Number of protein chains: 4
Amino acid sequence: MAEKAQTAAKKSQSRAEREADRRRVILRAAVEVFSRKGYHGCRIQDVAKEAGVAYGLVYHYFKNKDELLESVFASGWQNFLARVSAEILADHHVAARVRGIVHVAFEAYRRDPRGVKVLILEVGRSPAGGAVNRGGAFSAVILAASEMFSEAQVRGEIPAHLHPTLCATMLFGTIEMGLTSFVMGLLDKRDDEAIERARDQVAETFLHGLTGARPTASVQPPPSTGRARSRPTS
Amino acid sequence: MAEKAQTAAKKSQSRAEREADRRRVILRAAVEVFSRKGYHGCRIQDVAKEAGVAYGLVYHYFKNKDELLESVFASGWQNFLARVSAEILADHHVAARVRGIVHVAFEAYRRDPRGVKVLILEVGRSPAGGAVNRGGAFSAVILAASEMFSEAQVRGEIPAHLHPTLCATMLFGTIEMGLTSFVMGLLDKRDDEAIERARDQVAETFLHGLTGARPTASVQPPPSTGRARSRPTS
Amino acid sequence: MAEKAQTAAKKSQSRAEREADRRRVILRAAVEVFSRKGYHGCRIQDVAKEAGVAYGLVYHYFKNKDELLESVFASGWQNFLARVSAEILADHHVAARVRGIVHVAFEAYRRDPRGVKVLILEVGRSPAGGAVNRGGAFSAVILAASEMFSEAQVRGEIPAHLHPTLCATMLFGTIEMGLTSFVMGLLDKRDDEAIERARDQVAETFLHGLTGARPTASVQPPPSTGRARSRPTS
Amino acid sequence: MAEKAQTAAKKSQSRAEREADRRRVILRAAVEVFSRKGYHGCRIQDVAKEAGVAYGLVYHYFKNKDELLESVFASGWQNFLARVSAEILADHHVAARVRGIVHVAFEAYRRDPRGVKVLILEVGRSPAGGAVNRGGAFSAVILAASEMFSEAQVRGEIPAHLHPTLCATMLFGTIEMGLTSFVMGLLDKRDDEAIERARDQVAETFLHGLTGARPTASVQPPPSTGRARSRPTS
DNA sequence: GATGAATGAGTGTTCATTCAT
DNA sequence: GATGAATGAACACTCATTCAT
């Protein structure tokens, strides 16, 4: 009887949780496979094999291939988006906020290079109007960052003649290409310290320019709190 | 007589030239279609229709779809590569050279936005090891730029602690995202002046940073010669 | 109850067996279609339609068209090969063995004229180095038969000046053309007795020559055992 | 003027003759290519390249690919057919006539192995009703030979119980497979003496059987005339 | 829910044939 | 006549999606 109860408990717990697990496993596999072969270069079969589940099961959890990619994107992006938004909305000098954003991006890469690769290579570049409506989400960050820069101009933190949107895209462009250096093997992706140094260089160069960039203490405090004070601004 | 001359002219371009034309027409059509629907989203049929030629003719000039994309890339990239290389190898202060590179990139965009779009969205981001071995060509520019920055460090033009390769990728990342702003409609792609302003902002921000960017005279001389003097450096 | 049993039976053959059935159905359809239109003259679609399955299913069971033909060949040939080999290796006078081989061939034809037709017309004659490596299997029989004749020479059963390999090819050539007479409609393929007479004539003519051929009792015992005794040799 | 006349003469001669030459060159190339890759395995392009003429020229001389094959067949077969018919119609003992037929076949092979290969592998085996209506021509020989054997039965030269048509097909089957031994590399195709020995064995075995075959003088007189007398008849 | 066989529309590619020069 | 670019129908093969078990 106890056994039965336990089994029941186990199963009742499973019902909801085990399914969520399955879903996560498949999503994870999709990230792996997408990052290896690209969205168009892989078949559902590959994802299923990678996840260790049956072919058709993928369709139990995801309506179709596009939705799978969108889910990959959503699950990866949401997290990133939330963190970046937090940095953007923080009430710091724009330099600190830029540093925070860069920090978040590189931290995401350190934790999940594959996932970042897919976000960068697959989702980030699908042709406009493509299946994955990433434009919206991506634009959202850009817009938020634009407003941040706009606000910074009002505060007199950055020159008024700069186009805020362009500042925003440039920021993410610099970050992205910095990460792409690792993704494409131009820099050693397993060297944590190199990642940190790259992060600092990206932030400082973006802020002070190639000619005015200054070295920073290589180890930064975690991006959560009190950063603004601990990092000297401009 | 004029008629005869014309006929002669027409015939003189007959064989070889007209074929080269056809090839160019198809290549051009491929750029159009790729830029609209992406490489995977379009069929050879679409390219043929766009070019106004028969289905099979595409295969007369290109071995297969992959080679078509590669040719699109090659024909677009070569030009760009040559111009960028010229800037990189110019014997100017690094700031002037950076401005030159940015100039070339935006000029390319102004002349052929579609082509740049394809280069950026399709070729530039195909998964490593993909059919289009763009890695080589792309890496080549990065390396050349890296050396430029390395040299600039020796000359004391930029700080020694910066990683030259990272500088290079950041530069192209900034440029690319600056262009992507237009490609994705974040900025108005038909406003030539906006393009020029964006160009200047990209260059100046990259050189002097967000905080130190200064306005520039909006009209720049062509990137070929005498730029170093006419543009105040750092 | 009977119903239940039937259902059970149906289910007991479920997984593996039903798939093997499908495979066999497709293979059979391929034989039909190949025999009607030839390998090059038929499309996968035809095979699918003949088999009553969906287009893509053919590719579920066979890697491609070539493999399909090869499978047709293998499945048809293996059986025949085994039977012929048994005759070749039997410890009888060479005349008995020759009769056995002829018997096997004609029997195969009687059972499955279509299959034999495909073997003869399609597989047997594909250009050397073709997709279907039938050469190996075919050569194997020839070689085995050659050795049989060689051995017969040692035993003094046939003249020493004959080239054993040539004897072997001649034997199969005679058989094949004998069958081809039916395949091509020179003789009536539905007349079982005609088939038997032809079989005997082939064997006797091969053994004793055109000039020395003698009539044989038209009905032969099955080729398995005791033949050597029941049939007078040379 | 003389020059002109000569040129004219040259050209007037050419007009008809040079075209016939071209035609022959293409036909010859077709034989080559068919023998190498088979009818279905080669493209018109291959034939043109082999012949050293332009792509489209093939279509000036032959209506289409099928007609090309048919012409190959016709040009090769006609010759053979005529010679075989001559042998069949000769007023000799059937044994002499059989020897003559075998002789003709092997002679054809010695002169043009490639051509024979094509006749055997391609034309001889296309599915009934195929593009190449070889059936008619082939059947014609078979029928003629059948009548020969029929007549021989009336004369008492061979047993009455044999089916004349089957005798005919067997004869050609034996010959064909004998030649196939060379075509497929089972015997050395460059050894002229081996070819002669094979020829004799084929004839003698067919006539007197495996058990009754007797050696023959290896060198035979040319197959044209007076053979009947010079070759001892059974 | 889990499985993988079954389906069939879609598409790259080939190649016989035509035609303008 | 000679050339080879142009045409487009035909077909093998893929793979997302469905469905019976």
Side-chain angles (χ1 to χ4, degrees), chain A residues 11 14-15 18-19 22 40-49 53-68, chain B residues 10-11 14-16 18-19 21-23 26 40-48 51-68, chain C residues 7 10-11 14-16 18-19 22-23 26 40-48 51-68, chain D residues 11 14-15 18-19 22 40-49 53-68:
Chain A
K11 281 199 172 169
S14 298
R15 224 14 87 75
R18 207 160 36 162
E19 278 183 34
R22 286 279 214 197
H40 289 285
C42 78
R43 296 155 296 174
I44 292 292
Q45 168 101 238
D46 297 326
V47 174
K49 208 168 279 177
V53 302
Y55 197 76
L57 197 59
V58 176
Y59 283 87
H60 262 291
Y61 291 101
F62 302 92
K63 195 185 155 199
N64 55 32
K65 201 183 171 186
D66 275 358
E67 204 198 85
L68 184 55
Chain B
K10 207 176 188 177
K11 282 201 171 166
S14 260
R15 272 302 105 69
R18 208 151 40 144
E19 279 177 39
D21 271 358
R22 284 281 215 197
R23 199 189 150 89
I26 295 173
H40 290 285
C42 79
R43 296 156 295 168
I44 292 292
Q45 172 90 242
D46 298 328
V47 175
V53 301
Y55 196 93
L57 198 60
V58 176
Y59 284 89
H60 208 72
Y61 289 100
F62 302 92
K63 200 184 152 198
N64 54 32
K65 201 181 172 187
D66 275 0
E67 205 200 83
L68 184 55
Chain C
T7 306
K10 207 178 191 175
K11 282 203 173 167
S14 262
R15 267 308 103 71
R18 206 155 38 150
E19 279 177 40
R22 284 281 215 197
R23 200 189 149 89
I26 294 172
H40 289 284
C42 79
R43 296 156 295 167
I44 292 293
Q45 173 88 242
D46 299 328
V47 175
V53 301
Y55 192 93
L57 199 61
V58 176
Y59 285 89
H60 209 73
Y61 289 101
F62 302 92
K63 197 183 154 200
N64 53 33
K65 203 180 170 187
D66 275 359
E67 205 199 83
L68 184 55
Chain D
K11 280 198 174 168
S14 297
R15 227 8 89 77
R18 208 162 33 165
E19 280 182 35
R22 286 278 214 199
H40 288 285
C42 79
R43 298 155 295 173
I44 292 291
Q45 169 100 238
D46 298 327
V47 175
K49 206 167 280 176
V53 303
Y55 198 75
L57 197 60
V58 176
Y59 283 87
H60 261 294
Y61 290 100
F62 302 92
K63 196 186 156 197
N64 54 33
K65 201 182 172 187
D66 276 358
E67 203 199 85
L68 184 55

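Just so we're clear, the structure is a prediction, and the values are computed from it rather than from any experiment. Letters go in sequence order (proteins before strands), and every chain restarts at 1.
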With rounding to the nearest 0.5 angstrom, report the CD to OH distance, E67(D) to Y61(D). 13.5 Å
Quiz question: going by heavy-atom distance under 3.5 Å, is there a donor-acceptor pair between the base of dG12(E) and the side chain of Y55(B)? yes
Indicate, yes or no, whether a donor-acceptor pair under 3.5 Å links the base of dA5(E) to the side chain of H60(C). no
Which part of the nucleic acid, if any, lies within contact of I44(C), taking any heavy atom under 4.0 Å across all strands shown: a base, the sugar-phosphate backbone alone, or nothing? sugar-phosphate
Could you tell me the separation between the CG atom of L57(D) and the OH atom of Y55(D), rounded to the nearest 0.5 Å? 13.0 Å
Among dT17(E), dA2(F), dG8(F), which is the nearest nucleotide to the side chain of R22(D)? dA2(F)
Value in whole Å for how far the P atom of dC11(F) lies from CG of D66(C): 16 Å
When you match G56(B) and G56(D) each to their closest nucleotide on DNA chain E, which lands nearer the 5' end? G56(B)
Measure the spacing between CZ of R18(B) and CZ of R22(B) and express it to the nearest 0.5 Å. 8.0 Å
Rounding to a whole Å, what distance do you find between K65(A):NZ and dC15(F):P? 8 Å
Using whole Å, report how far CG of L57(D) lies from P of dA2(F). 5 Å
Could you tell me the separation between the CD atom of E19(B) and the C1' atom of dT3(F), rounded to a whole number of Å? 11 Å
Any base atoms under 4.0 Å from F62(B), or only sugar-phosphate, or nothing? Heavy atoms, all strands. nothing
Looking at the side chain of R43(B), which of dT17(F), dG12(E), dA16(E) is the nearest nucleotide? dG12(E)
Length of the NE2-C1' vector between H40(B) and dG12(E), whole Å: 13 Å
Among dT3(F), dT7(E), dA5(F), find the nucleotide with the atom closest to the side chain of V53(D). dT3(F)
Re dT13(E): Watson-Crick or G-U wobble partner, both distances kept under 3.5 Å, found to be dA10(F)
Do R43(B) and D46(B) meet the salt-bridge criterion of a basic N to acidic O distance under 4.0 Å? yes
Tell me the interatomic distance from Y59(A), atom OH, to dA6(E), atom P, rounded to whole angstroms. 18 Å
Could you state the CG-C1' distance from L68(A) to dC15(F), rounded to the nearest angstrom? 15 Å
Partner nucleotide, any strand, of dT7(E) [Watson-Crick/G-U, under 3.5 Å]: dA16(F)
Measuring from K65(D):NZ to C42(D):SG, what's the distance to the nearest 0.5 Å? 4.5 Å
Measure CD/Q45(B) against P/dA10(F) and give the value in whole Å, please. 15 Å
